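Chain A is the first sequence line, chain B the second, and so forth, proteins listed ahead of strands; every chain is numbered from 1. Just so it is clear, the structure is predicted and the values come from calculations on it, not from any experiment. Because only heavy atoms are used, hydrogens play no part in the values below, and waters and symmetry mates are left out as well, while side chains stay in.
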Protein chains: 2
Amino acid sequence: MTEGAGTTLTDYPRPSVAVDVAVLTVHESALFVVTVDSPRGLALPGTFLHPGERLSDAAHRVLQSKAGITALQFHQIGMFDAPDRDDRGWVLSMAHGAAVPYGSLPIGVKVVRIEDDRPSQPLSFDHSDMVVLAVEDLRRRYASNIDPSLLLGEEFTLLELKQLYEVVFGNRFPKDTFRRHVSPALDGTGATSVAAGGRPAELYRRKVGAVLPETASALLRS
Amino acid sequence: MTEGAGTTLTDYPRPSVAVDVAVLTVHESALFVVTVDSPRGLALPGTFLHPGERLSDAAHRVLQSKAGITALQFHQIGMFDAPDRDDRGWVLSMAHGAAVPYGSLPIGVKVVRIEDDRPSQPLSFDHSDMVVLAVEDLRRRYASNIDPSLLLGEEFTLLELKQLYEVVFGNRFPKDTFRRHVSPALDGTGATSVAAGGRPAELYRRKVGAVLPETASALLRS
DNA sequence: CTAATAGTGTCTCTGAGACACTATTTG
DNA sequence: CAAATAGTGTCTCAGAGACACTATTAG
């Protein structure tokens, strides 16, 4: 690999490498993405990579420091490499996706609604494109596994799960069909949620290692 | 995004950014990946990013210069960022995947067979992991579209397509079931291939914009 | 009781996979 | 003709989606 034959690195000018994170969340039957105010306008939280730092560590660091957010997993969405994408110079940015429960966000965090799979307000740089890709990645992951980002807690009712999936995929699902698609990947605890004016719903847990069948994907993407 | 508030870039040390390419091809009923000899052993073709260069341009450049290969599309597979992954220093590498027909490879190109979804010989650095991800990406793309990398030409018979898919997915498919899954995404030309000891097969073209249904994915991944 | 929500039995109809048949070529 | 490969008609059975019914709570 990688150039020449020696044991020294080339002395080409090197790019700055940044990390931007699209933190998605669900609230009021809609998807939202966390944003911060920057000198260049509304943007995703981002930072430059520190020496020797891992990309996911930088993603973790910037969420903590700029928004007080702790996310469990970061997913590489794509490297944005247009030479003129940042007018401060040559900056490559590794876009990351993450998802956190709305209730875990610190108060004061700015979120932008996602409508028609795009941010409802334009973001700076190429950050809107990053959000689009992050939503696609979220759907791909949610079509294979049950709420892998733990937007719901460890236990949840099937209604809660269905409503979450309806927001993530922007679709409606019949309750019986939805149930039969996802239940093979769930373990029912005996416990029930508190009744909300009707029969109490059973609480379910994700089965360890369970994956949704390909047929579930067909339903979800209608 | 991205640190501080000013209009200047930070003066942190910057990583070298490399591009490595896993060029996959199909030959003798098996998947292969193109490799090059490097001072550190068998490796994927790779190069450092030149100033202002796009990642895909670097991928194109390294294939041309190191192996004489021209690929049509490059897919970002993942950014490999372990700080100690390269003993020459701090080198991030953007792994790319590509696929080219075996017949388009220049003579003398070294290929390594892929067995059980891994290179049959260990590669240097983290390049074996890159190949694993490139194969996954290839399958994801081939499950959604008909031979999107044009490993077959513009026209092909259904037998050729089936054999290609059997290699890519490491599966066998019944000819009639396979046909019924893929034919909605194909246009039949009237023409036929030259007979090979039996009835000549019709030649098909990819329908523009056609995608394979989710159900096809279930068959392919058996 | 009624209202409200949770969960399931069951019917229908599509369509995937299997099998066998027909079609078209070479020798 | 036989042999070989291409392509299709059709049968069966699983299962997805729809509908309606039962179950369990609150008031």
Which of these passes side-chain hydrogen bond (donor to acceptor under 3.5 Å, both in side chains) with B/H75: B/R140, B/R141, B/H96? B/R141
Under 6.0 Å between ring centres: does that hold for B/Y142 and B/Y165? yes
Excluding sequence neighbours, so at least two apart, what forms side chain to side chain contact (heavy atoms under 4.5 Å, CB included) with A/P213? A/T215, A/A216
Using only side-chain N and O atoms of B/H181, determine if any of them is under 4.0 Å from OP1 or OP2 of C/dG15. no
By nearest-heavy-atom nucleotide on DNA chain D, the more 5' of B/P200 and A/P200 is B/P200
Need two values: the first and the last nucleotide of DNA chain D, 5' to 3', having an atom under 4.0 Å from any heavy-atom of chain B. D/dA4 to D/dT10
I want to confirm an ordering. Mapping A/E202 and B/A218 to their closest nucleotides on DNA chain C, which one lands closer to the 5' end? A/E202
So, the side chain of B/Y204 versus the backbone of B/S183: is there a donor-acceptor pair under 3.5 Å, distance only? no
Keeping B/S38 on the side-chain end and B/R40 on the backbone end, is there a donor-acceptor pair under 3.5 Å? yes
Main chain of B/D147, side chain of B/R206: is a donor-acceptor contact present, judged purely on distance under 3.5 Å? yes
Is there a residue in residues 170-180 of chain B whose heavy atoms reach under 4.0 Å of DNA chain C, and which residues are they? B/P174, B/D176, B/T177, B/R180
Going by distance alone, is a donor N or O of one side chain under 3.5 Å from an acceptor N or O of the other, for B/T189 and B/R205? no
With no hydrogens and no angle check, is any side-chain donor or acceptor of B/S124 less than 3.5 Å from a backbone partner on B/L42? yes
